[in-house]
Amino acid sequence: MSAEQQVKKEVILKGIPASPGIAVGSAYLFIKETPRVEEKNLEENETPQEIERLGHAIEKSRKELHKILTFAQEKIGDAKSKILEAQIMVLEDGVLIGAIKKRIRSEKKNAEYIVNHEIGKYANLMLMAHDEYMHERAHDMDDLKNRIIRNLQQEKLVSRLEGSIIVVAHTLTPADTMILSRNHVLGYATDRGGITSHAALFSRSLKIPAVVGLGDVSRHVVTGDHLVIDGYSGVIVINPSKKRIQEFESKLERMLKFESKLVHFKDLPAETKDSHSVELSANVELPEELDYVVLQGSQGIGLYRTESLLIDRDDFPSEEEQYAEYKKIAARIYPHRVIMRTFDIGGDKVAPETAEETNPFLGWRGIRVGLDRPDLLMNQLRAMLRASTRKNLAIMFPMISTISEVLKAKEYVQKAKAELHSKNIKFNDKTQIGVMIEVPSAALCASRIAAEVDFLSIGSNDLTQYMLAVDRGNPLVSQLFREVDPAVLITIKHIINAGHKRGVWVGICGEMAGNPLVTPLLVGLGIDELSVIPSVLPEIKKIIRSSYFKQFREIATEALQLETAEAVEAHIRKFFKKHFPDIPINNNN
Ligand code: PEP
Ligand code: MG
């Protein structure tokens, strides 16, 4: 083993695929140090000079931001550049700047100190608003404050870099993403995802591969490290071996060739050659993803994870706040349907309230929290019902494990409807109610549960975890997490049959649904709806449209006879080679 190989171990991290594409290159670790601010007392006669210094720094910041704005407008358009415009407006706000100048005069303190305090005050107020949007604006205010302070200290943030780079950062503000993209940026990888989704949004507009929500990638990487970033599957590899790079390079080649042929599938239905239709919809976590979802030709949203409303806050959003959000989403997706899931908190998910539990995955999760906290559930149900007036919103309950839970949850829906009715508030009385089947007990009783609801949606992530008793976040056992394990496949078949017997449709919204390799199996098993990560929509549609339902049924029947996950995988690969030789098989999905 060479010395280099000894030092640089290959590390693979999995995050959220935010912008498709694959990049191979050197890492640039973007660390934006918050400037240090000292408090200095001024003599009376020093204040005019200090105010002049402040004026220069503001002017410089304004010019910088204008430059970034022009660049952003050219690259990503006016609408998406509004965030930067807002920062310039703050700089041009006479009241705020006037207040800073007044304080320098009256308190006789240095400009850095007053700027830090005065703008910091606004940022803190925004943070206290417990509103996701305001939190993002607080971030922007902080960014602006640091820009002025850096300009007062005349320190330049390095933004011109040599060569091509993959930017690795804890988080990226819109201005950071723009400035950095003036270099030859091959990709972005960030620790944070979700709330700081500007990086994801911008990188999609800039068509640069990005993976967000990687947890602690910025602690694993140093500038100069060799990296592969795969925006299709959300994988990044630090110090990849030559073989690994070749694998990704050929995957990219296959994907590009393949993608160029996918464009015309966008507006076509997900229908087999013998006219068997499957509803193909998308999983969504953030409203920012909606444009992309529509662009990818989705037939709606099969799972809207409302937990994103809870990120970075320590209370639950009010009914009004939720209503505004759900209404916006339903309007954007209309005439297609959006399935809104009630808060699925607990387990690995964020929550303003958490319980100390030794075994959280078997604990206070999903509907259990909702039923224990009816005030929260009712707020959410009323908000969802109010947003249902276009008749394209359905409600779904997570982590159902017994029929009694379904009955109780439905009682709350009735109660919420009665309350709205008594207040003459409009809603769709025929709003579809469904449940996730992701706990083995619910899977076994699927037929009885189906009798109580309008649809079932299989949560294959949790179902696999609970069926096989494998925590896939645990590296000691994660290789045992196999979605095509015969036990899982047999259970999926059982759920589909149970639903159909009761006349309700059955979908699947776990990650398995978005794995193109499994598409023939799921369609062949008779699934009615696939809800997938948006980036794979066209690929899955192509697979469905390229074959006959008869063939899918055949492979599904054969797979159900096999005894191991390995045998099922091998069987699928053989099927792909034979029937879809032109479809690149994504090994990293
Ligand atoms: C699932 O468990 O498959 C699912 C879709 O729910 P989540 O991943 O949000 O737990
Ligand atoms: Mg789940």
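Every number for a ligand or one of its atoms is a count from 1 in the order of the listing. Fair warning: this is a prediction, and the values are worked out from it, not measured in the lab. Computed from heavy atoms alone, side chains included, the values below leave out hydrogens, waters and symmetry copies.
- Residue Arg341 places a heavy atom less than 4.0 Å from ligand 1.
- When you scan the N, O or S atoms of Asp462 for the one nearest the Mg ion (ligand 2), you land on OD2.
- The environment of NZ in Lys417 is crowded: more than 12 heavy-atom neighbours from other residues, nucleotides or ligands sit within 6.0 Å.
- Residue contacts with ligand 1: Asp462 is placed with a nitrogen or oxygen under 3.5 Å of a nitrogen or oxygen of the ligand (distance criterion only).
- Looking at Gln551 and His579, their side chains do bring a donor and an acceptor atom within 3.5 Å of each other.
- Contacts between Ile458 and ligand 1, counted as non-hydrogen atom pairs separated by less than 4.0 Å, are absent for every part of the residue.
- Distances from ligand 1 to the non-hydrogen atoms of Glu307 include no value under 4.0 Å.
- Taking every heavy atom of both residues into account, Ala498 and Ser447 meet most closely at CB-N, 3.5 Å.
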(request) Could you please spell out the steps behind the side-chain contact (heavy atoms from CB on, under 4.5 Å) verdict for Leu521 and Leu489? (result) CA-CA 9 Å; Leu521 277 193; Leu489 294 184; 4.0 Å; yes
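- In terms of distance to the Mg ion (ligand 2), the nearest N, O or S atom of Glu438 is named OE1.
- Remark: Arg390 is positioned above the aromatic ring of Tyr334, its terminal NZ or CZ atom under 6.0 angstrom from the ring centre and at most 45 degrees off the axis.
- For Arg448, the CZ atom sits in a loose shell: 12 or fewer heavy atoms of surrounding residues, nucleotides or ligands are nearer than 6.0 Å.
- If you look at Asn283 next to ligand 1, there are no close heavy atoms at all, none under 4.0 Å.
- Residue contacts with ligand 1, taken as heavy atom pairs separated by less than 4.0 Å, involve Arg305 solely via side-chain atoms from C-beta onward.
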